[in-house]
Structure formats: structure tokens, C-alpha cells
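Structure first, commentary second.
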Amino acid sequence: MKSLLGVTEAERRIHAHMPSFGTERVALDAAAGRVLRQTVQAERDQPPFDRVMMDGIAIASTFSSPCFAGGGWEGVKLLPFRSKATPPQPSPALQGRAGEGLRRFRPAGLALAGMPEQVLDDPAACIEVTTGAMLPRGCDSVIPIEQTRRDGESYVLIDGCEPAPGQFIHPRGADCREGEILMRSGMRLRAPEVAVLAAHGVAQVEVAKRPSVTIVATGDELREVDQALAPGQIRRSNDRALAAALAARGFDDVERTWIPDDLDLATHTLAGLLATRQVLVLSGGVSMGQRDFVPAALHALGVHEVLHGIAQRPGKPMWFGVGPQGQAVFALPGNPVSALVCAVRYLLPALERAIGLTATAPVKVVLTDAVATHPALTCFVPVAVQHDGHGRAMAQPQPSPTSGDFSSLPQTDGVVELAPAAGAAPGGTVAVLHRW
Ligand SMILES: Nc1nc2c(c(=O)[nH]1)N[C@H]1C(S)=C(S)[C@@H](COP(=O)(O)OP(=O)(O)OC[C@H]3O[C@@H](n4cnc5c(N)ncnc54)[C@H](O)[C@@H]3O)O[C@H]1N2
Ligand code: MOO
């Protein structure tokens with residue numbers, strides 16, 4: 001480790017050296033959680049037709065209005081969505097019934113969702129409709145069934161029901177217009193995005209390829225979760241934690257392995273991994289111990305060092321480099337809190353950016369209590385976040401005793417980032433949160 005980089009400069013260097021991993025076309029069924037890498041345009045107007053919004057009857061409302069004088073359509077303003085419709089002409093029986101609107105409608109047809117457009121050609125009649133049906137031509141108003149009563153064959157509007165033109169009709173194109181851009185590259189495909197893709201006929205979708213990642217735990221003292229422990233040994237947990245962090249962000253091509261504190265063995269294993277994997281995430285062996293050989297092994301394999309040492313606590317010894325074929329190599333400090341902090345601060349954002357995910361604004365929280373800071377180091381402090389009565393995200397500091405102690409982390413939501421400062425950050429300080 002030479003001079004320490006600031007957190008922002010370290011992040012900038014990492015992002016500048018990340019490879020891109022390309023895109024692939026997947027079936028919509030496999031697209032959930034992936035990052036969209038195409039523009040999505042509306043296949044057609046939505047709704048694609050004037051759509052009935054209630055189960056009931058559709059009528060030509062003009063004739064139900066008291067202002068209808070029985071003389072025709074003079075002075076009647078047509079709604080835009082009916083502009084292509086030919087107004088129905090009142091039947092001879094209707095002529096001359098001036099001053100009283102129609103309240104009784106004989107059913108003259110049925111429009112169910114999925115049927116082609118029906119036609120109302122007598123305004124004294126109605127079409128029975130269901131939610132989702134095409135509004136019948138000649139109709140401009142939908143009356144919910146509960147606002148009618150049956151009298152013989154006919155529907156009679158109940159008292160107080162005054163149909164207005166356009167009511168309970170979702171006009172064609174009100175949601176979006178054909179060709180309109182609905183989604184752009186960089187969105188995470190969650191339920192709403194998948195719904196839009198399906199509605200607009202996108203059966204195959206272009207998404208970001210996910211890199212192949214291998215997590216490499218280093219250290220003679222480490223044993224797998226189900227192995228017996230000899231004195232001085234511990235279970236390896238960093239690789240599991242890092243795999244969980246990657247899985248939570250949708251990176252699923254992730255393997256784990258382990259190398260002992262042996263330069264030759266380590267170099268051999270890492271050479272094999274560099275030949276087959278796009279991203280390596282090591283933990284341990286990057287500090288100044290007699291067996292901290294990770295930087296030397298990577299150097300011997302032609303991995304170019306981009307940074308070693310960041311002015312932060314914990315996580316100061318972090319190392320990052322680029323392999324001969326552009327492989328990204330993150331060598332995180334071995335202490336479990338340090339490894340996780342470096343993962344949420346550098347590894348995950350760098351991978352998400354490299355696959356084209358659009359960056360979101362940093363999440364900010366308010367500290368409930370004062371926290372110690374450092375004059376020269378950025379401090380990352382675990383916090384538990386709760387919303388107060390005003391909806392503010394309040395972060396209660398839960399510092400771990402050392403970066404090797406992580407039993408209390410399950411009670412926390414992530415770490416706040418506190419820039420170098422003299423003295424403590426007082427309660428009320430607004431800080432950026434990095435979620436686990
Ligand atoms: N002389 C100095 N010594 C140390 C410095 C320093 O600046 N000068 N930095 C300290 C800091 S800060 C950290 S962090 C650690 C990082 O050291 P390494 O990256 O070399 O990590 P190790 O020594 O291999 O391990 C540290 C610690 O973490 C445990 N560990 C490692 N891997 C795992 C794992 N997969 N699961 C669980 N626990 C793991 C390991 O047993 C050690 O206890 O260096 C300080 N030293
Ligand atoms: O920075 Mo180390 O990562 O303090 O434990």
C-alpha cells in the first residue's frame with residue numbers, strides 16, 4: 001500500500017476500468033430482475049379502443065339528457081373519442097318527445113370483452129356491456145348495472161342517474177400512443193416493467209448479460225461451514241456473505257472457492273480463474289502480513305493494479321486491478337465487516353453500472369445519535385433505519401466493536417458514509433446509506 005486514495009477517487013477509478021459484459025435476448029418469462037438494454041415503444045394505442053370501464057349498459061347519452069328536445073343532434077358536442085362515430089339518429093317514435101330525456105332502454109345487443117365492435121343504431125335502445133369491452137359504435141356513455149333497474153326487458157335509469165357523455169369510458173390512447181417510448185435501456189425489470197413488455201407484445205427482450213463471478217476466500221485458517229474446527233481455525237463466512245450480496249442484486253452466475261496461504265498454489269488457482277471468469281472477488285490477504293500475498297500473485301499473473309489502499313475505515317487495504325483480458329479483480333480486505341463494506345460501496349455499484357443499470361439518487365438518512373468520525377478517513381458505520389412519524393428515514397448507529405465482529409450486523413440495514421471530519425457527526429446529520 002502506497003498513499004491512500006479518497007473514496008470518490010477510488011470509485012471513479014474502479015468504474016473507469018470496468019469491462020462491459022454485453023447483452024443477450026431472453027424470453028419474457030426469464031426477464032424478471034434483469035436490466036433492460038433496449039428501448040420499448042408502444043405497439044399500439046393503449047387502450048387500443050374506447051374501453052368500457054363498468055359492467056352495465058352503453059347508451060347514446062344525449063338522448064337521456066333533459067336538454068334533448070327530441071329534434072336530433074343540433075348543439076350536441078361530440079367527444080373526441082367518438083369523433084369517428086356516426087351519431088345514431090332518433091327513431092321516428094322518438095321524434096317530438098321534447099323536453100324529457102330518455103330513461104328507459106331496450107337491450108339491442110351485447111358487447112363482451114374480446115368481441116369486435118358492436119353498433120347501436122337506435123338511441124332508444126342500449127347495448128349490454130362488460131368491463132373491458134369495446135364501446136359500441138353510436139354510444140358515448142356507460143351506466144353501471146347498479147344504476148339501473150329492470151322493467152320487463154328494458155333497463156330503466158334509477159333516480160339520480162344522470163348519464164354524462166364519456167362516463168365510465170377509458171378513451172383510446174389515453175394511456176399511451178402507438179410508437180411512444182415507454183421504457184429506456186437501464187431499467188431493472190420488475191413487475192410493472194414486465195407487465196408493459198407483455199402488454200406491448202415484447203416476447204423476447206434484450207437484457208444485460210450477467211458477468212461470471214468467482215469469489216475466492218483466502219487463508220489457511222478458514223474452514224467450510226460444515227467442517228470441524230481445530231484450534232485457531234474459523235469458518236469462512238465472507239464468501240457466503242458476498243455471494244448473498246451478489247444474489248440479492250440479481251447476479252446469479254457466482255461460484256465460490258478457497259485458496260490457502262501459499263503463493264504457488266494461489267497463483268495456479270487464480271490463473272485458471274482468470275482464464276474462465278470475468279470477475280474475481282477475493283477476500284483476505286491484501287494487507288501487510290507475512291502471508292498477504294494476494295497483490296503479488298495477481299501482479300505475477302499480469303493483473304494491472306489500479307488501486308491499493310483507500311482512506312476509509314473499515315476497508316482501508318482494498319485492492320482493485322484489471323486482468324490481461326479486462327477481467328475485473330476486486331481484492332477485498334479479509335475482516336468480515338470490511339469485506340462487506342467494500343462490497344456495498346464499490347463492488348456492487350461497479351457491477352450494476354457495468355451492466356448498464358441506470359444509477360439512482362443516493363439514499364439519504366438522518367442520524368439519530370452522534371457518531372465518531374476520523375480527520376483523515378471516511379468512516380462507514382452500520383445503522384438500523386426506521387421511519388419516524390414524518391416519514392423521515394432515521395438511522396440509529398450500531399458500530400461494531402471491530403471490523404472482525406459482525407454478530408450485530410443482522411440488526412442493521414447497511415452503513416452510512418461519513419466523510420473525514422474533525423470531531424463527531426452529531427445526531428441530525430444527513431448521510432448517504434449503502435444498503436447491505
Ligand atoms: N501491519 C498492518 N496490519 C494490518 C493493517 C495495516 O494497515 N497494517 N490493516 C488491517 C486492516 S484495516 C485489515 S481490514 C486487515 C485486512 O487484512 P487482509 O485483507 O490481509 O485479511 P487477512 O489478514 O487474511 O484476514 C483478516 C481477518 O479476517 C478473517 N477472514 C479472512 N477471510 C475470511 C473469510 N472468508 N471469512 C471469515 N473471516 C475471514 C481472518 O481470519 C482475519 O481474522 O488487516 C489488518 N492488518
Ligand atoms: O479497515 Mo480494516 O478493514 O479496519 O478492518
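Start at 1 and go down the list; that is how both ligands and their atoms are numbered.
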Proximal ligand 2 atoms for Lys316, defined as those under 4.0 Å from one of its heavy atoms: 1 (O), 3 (O)
Side chain, backbone, both or neither: which part of Ser287 has a heavy atom under 4.0 Å from ligand 1? both
Counting heavy atoms only, which part of Ile234 comes closer than 4.0 Å to ligand 1: side chain, backbone, both or neither? side chain
I'd like to check which ligand 2 atoms, numbered from 1 as shown, lie under 4.0 Å from a non-hydrogen atom of Asn335. 5 (O)
Protein heavy atom at shortest distance from atom 1 (O) of ligand 2: Gly315 N, 2.6 Å
Report yes or no: does Ser338 have a heavy atom closer than 4.0 Å to ligand 1? yes
Whether Pro314 lies under 4.0 Å from ligand 1, heavy atom: no
Check each atom of ligand 2 against the heavy atoms of Pro314 and keep those under 4.0 Å away; list them by number with element. 1 (O), 3 (O), 4 (O)
Pick whichever of Gly334, Ala217, Gly285 has a heavy atom sitting closest to atom 28 (O) of ligand 1. Gly334
List every atom of ligand 2 that sits less than 4.0 Å from any heavy atom of Ser403, numbering the atoms from 1 in the order shown and giving each element. 2 (Mo), 4 (O), 5 (O)
Applying a strict 4.0 Å limit to heavy atoms, is Ser237 in contact with ligand 1? yes
Checking a contact table here: which protein heavy atom is nearest atom 3 (O) of ligand 2, and how many Å away? Ser338 OG, 2.4 Å
Of the side chain and backbone of Asn335, name the one, both, or neither that has a heavy atom under 4.0 Å from an atom of ligand 1. both
Sub-4.0 Å heavy-atom approach of Gly219 to ligand 1: no
